[in-house]
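Heads up: the structure comes next, in structure tokens.
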Number of protein chains: 2
Amino acid sequence: MKRSGRLSVALHLLLHMAERPDDPIVSERLAEWADTNPVVIRRTFAGLREAGIVASTKGHGGGWRLARAPADISLGDIQAALNERLLTHALIEDTPGCLVERAVNAALDEAMREAERLLHERLSRLSLADLAKDVAVLWAADPRAKGEHPHEP
Amino acid sequence: MKRSGRLSVALHLLLHMAERPDDPIVSERLAEWADTNPVVIRRTFAGLREAGIVASTKGHGGGWRLARAPADISLGDIQAALNERLLTHALIEDTPGCLVERAVNAALDEAMREAERLLHERLSRLSLADLAKDVAVLWAADPRAKGEHPHEP
DNA sequence: TTTTCATGTAATTCTATTTGTTACATGATG
DNA sequence: CATCATGTAACAAATAGAATTACATGAAAA
């Protein structure tokens, strides 16, 4: 597989950041957790910073932390901040002269937009705090699984 | 742009094939219309043939034609036959040990599946005949536009 | 103030996916 | 049997995304 995608990676890391709101985490550590490169983290998180979801500080003791409470950060916010394309939007070209192409584009575009709208609404109804609760439920159901966590001390 | 995508290309060509159900169209001509290569057409249409949407014949007078009436071919059928991925399905990995990753995957997967289901239902409610009707409406609204069609004799 | 640590970002390389191309086999028609 | 068309495999090219390198900026500690 490997179908990571920025949204899932960001969610994973943000949830870990939410576990310890007080100490910032450096890009290098986040990169280890996500099995990627620190620069990729900075690039990805740049959008989150602009959206006011995370804040970064330089120098000693610096790193990344959440800028708002987990309950105030929806998955929709995160998705929008990353502007990752979740749907393909398979249109033919900008302004086709062919009437058939125009009709195809119109139909597909409308269907895609509707699906996109649904997806965004659904993601907007979930917050980081909700997901953290899901994690707690999983943990209660299978306490041993916490040990399987590959990146805890 | 150039965001073609197999679905939009296939729809475009199928609609043109629906205009003249009686004479098969060769891959080379379809390729010209879609501004691509004949082999790409054959590859794309192979899925449609397996799904019983189109039929191909070899030799003189051969080519591609619709295998069913346009009213019996839904956009959902076509999309399924092409198995083009319209949504990104951004999951982390197959079976993550980390509970956080599992919770993220569960939430995203459910949202994605719902959007996918909606999209497929919506596409399944539209047939090629419906789109052909849309084309007719466009033509009535702007009769000159038929002349802009780049691939008519 | 100088060193160290961390982010910010541009530029480049790597890699995986998709698309396009070539070549040739198979089958149907005249 | 010559021609036309699909069917496919194999390969090349283009693309997009990710990873890497390099260096600048700023903050804390020494």
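Letters A, B, ... are given to chains in the order of the sequence lines, protein chains preceding strands, and every chain is numbered from 1.
Listed nucleotides: dT29(C), dA19(D), dG20(C). Nearest to the side chain of V40(A): dA19(D). Checking dA29(D), dT29(C), dT6(D) against every side-chain atom of H60(B), the shortest atom distance belongs to dT29(C).
When rounded to the nearest whole Å, the span between CH2 of W64(A) and P of dT7(C) equals 7 Å. A straight line from CG of D35(A) to C1' of dT20(D) spans 15 Å, rounded to a whole angstrom. Atom-to-atom, CG of L30(B) to P of dG7(D) comes out at 12 Å; the value is rounded to the nearest Å. Distance CG (L7(A)) to C1' (dA18(D)): 17 Å, rounded to an integer number of Å. One can place CD of E84(A) at 11 Å from C1' of dG17(D), the figure rounded to the nearest angstrom. Note: CD1 (I41(A)) to P (dA18(D)) measures 11 Å, nearest angstrom. Going from atom CZ of R6(B) over to atom P of dT18(C) covers 7 Å, rounded to whole Å. Straight-line distance from the CG atom of N37(B) to the P atom of dC11(D): 18 Å, rounded to whole Å.
An OP1 or OP2 oxygen of dG7(D) is reached within less than 4.0 angstrom by no side-chain nitrogen or oxygen of R42(B).
Evaluation of the side chain to side chain donor-acceptor pair (under 3.5 Å) rule for E116(B) yields H89(B) as partners, not counting sequence neighbours.
No donor-acceptor distance shorter than 3.5 angstrom exists from the side chain of E84(B) to the backbone of Q79(B), with no hydrogens or angles considered.
In the hydrophobic clustering of ILVMFWY residues, with side-chain heavy atoms under 4.5 Å counting as a link, L11(A) and L138(A) come out together. There is a path of hydrophobic side-chain contacts, each under 4.5 Å, that joins L66(B) to L15(B).
Annotation: salt bridge (Lys or Arg N to Asp or Glu O under 4.0 Å) contacts involving residues 63-77 of chain A, sequence neighbours excluded, comprise R68(A)-D77(A).
Taking the side chain as every heavy atom from C-beta outward, I25(A) and W33(A) approach each other to under 4.5 Å. Counting only heavy atoms from C-beta outward, the side chains of L14(B) and I78(B) approach each other to under 4.5 Å.
Looking at heavy-atom distances under 4.0 Å, V39(A) makes contact with a base.
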Under 3.5 Å, which donor-acceptor pairs link side chains of residues 37-52 of chain A to any protein atom two or more places apart or in another chain?
| unit_1 | atom_1 | unit_2 | atom_2 | d |
| --- | --- | --- | --- | --- |
| N37(A) | OD1 | V39(A) | N | 3.0 |
| R42(A) | NE | S27(A) | OG | 3.3 |
| T44(A) | OG1 | V40(A) | O | 2.8 |

Please list every donor-acceptor pair under 3.5 Å in which a side-chain atom of residues 121-137 of chain B meets a protein atom from a residue at least two apart or in another chain.
| unit_1 | atom_1 | unit_2 | atom_2 | d |
| --- | --- | --- | --- | --- |
| R122(B) | NE | E114(A) | OE1 | 2.5 |
| R122(B) | NH2 | E110(A) | OE2 | 3.1 |
| R122(B) | NH2 | E114(A) | OE1 | 3.2 |
| S124(B) | OG | H120(B) | O | 2.7 |
| S127(B) | OG | A129(B) | N | 3.2 |
| S127(B) | OG | D130(B) | N | 3.1 |
| S127(B) | OG | D130(B) | OD2 | 3.2 |
| D130(B) | OD2 | S127(B) | N | 2.9 |

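A heavy atom lying under 4.0 Å from DNA chain D marks the following residues of residues 43-59 of chain B, by number: R43(B), R49(B), S56(B), T57(B), K58(B), G59(B).
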Dot-bracket encoding per residue of DNA chain D, Watson-Crick/G-U cut-off under 3.5 Å, | denoting interstrand:
||||||||||||||||||||||||||||||
